[in-house]
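To start, the structure itself, in structure tokens.
Computed over heavy atoms, backbone and side chain alike; hydrogens, waters and symmetry mates excluded. Read the numbers this way: they start at 1 and go in the same order the structure lists the ligands and their atoms.
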Amino acid sequence: MRRVRILVFVGVCALLVTGCGAANSIVNPKGSEAKSIAGIWWVAFGLATFVYVVVSGLIIYAITRGHRKGARTSGLRENSFIWVGGVIVPVLILAVIAVLTVQTTASLRAASPDELHIDVTGKLWWWGVRYPASGIVTANELHLPAGQPVDIHLTSDNVVHSFWVPQLAGKEDVIPGQPNDLRFTAKTVGTYIGECAEFCGLQHAHMGFRVVVQTPADFGRWVARRQIAPSEPVSDEAAKGATIFDAQACAGCHTIRGTSANGKVGPDLTDFGSRPTIGAGALENNQQNLEKWIRDAPAIKPGTAMPSFRSLSEGDIAAITAYLESLK
Ligand code: CUA
């Protein structure tokens, strides 16, 4: 029985340790700010491990040495043990962590003159993304050039959310009426997973986003591509979908640049076909899932502002799907 327990304990520890190297972890940083946060994490982990080992050792020692009858203890030694172990060492450890934390936190906020500004708005439950300099508007996906400092300007018009990309920066609250700025520099090209890290209602778990870090040249190409409005639908089906999209409620809630659809309730769909997920991570973006989503979004993401369109015919839903998937 005891052996089984030990094996389970070792197994759990191994899982925890391997989890540390995984993607989307703060101890696998890919940016300068994330690196300094990971540094503090390791110092705190090291100190905590030291305390754990020393205290466990003392407990084991106290248990195993047993009662020694008649053994006299020296009051002086007990006193100094309490002073050193109970006061001086904890104060030193906490002081080290406090100084490091304050120092790092202060350095995280520094603005830089060449930073790229991006406005991010927390919605129920998705992320609005806007690049003020180029006028690009998208949703649930940020593109960043590697090596350039960014300033993510965070606002909300509903409840409190929290913007968190563990591999790139710390968490920053997204508060109605209190804009916050999160500054960081992504160093390594790749796609990073972001989460809402503050409970914000029914679909808090489906408020994911992605940060795509590109080489500056690739980022430039992405900006140039995104500044061009989508071309006219090429297939007949997509053209039919565009007409239905405009005639139905869709255009009242969503914007598609270059068309008369200019709703502001739901995400901008100008580049919808290039996004990997539907509904801020609720579904993978493919034709089948998009049809399901249009037919009955509230069944997939209860609480979403997107209504169900069960009254539309299968053919109409397929046409809208073809149109939206063509927007790249
Ligand atoms: Cu938004 Cu949790």
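Ser260 and Asp246 share a side-chain donor-acceptor pair at under 3.5 Å. Counted by atom type alone, Asp157 and Thr155 present zero donor-acceptor pairs between their side chains at under 3.5 Å.
For atom 1 (Cu) of ligand 1, the tally of protein N/O/S atoms lying closer than 2.8 Å stands at 4.
The side-chain contact (heavy atoms from CB on, under 4.5 Å) search around His143 returns Tyr131, Glu141, Val212, Gln214, Phe219, Trp222, not counting sequence neighbours. Residues forming a side-chain contact (heavy atoms from CB on, under 4.5 Å) with Asp181 (at least two apart in sequence, or on another chain): Asp151, His153, Arg183.
The side-chain heavy atoms of Ile37 and Phe184, taken from C-beta on, include no pair separated by under 4.5 Å.
Screening residues 230-239 for salt bridge (charged side-chain N to carboxylate O under 4.0 Å, His left out), with sequence neighbours left out, gives no hits.
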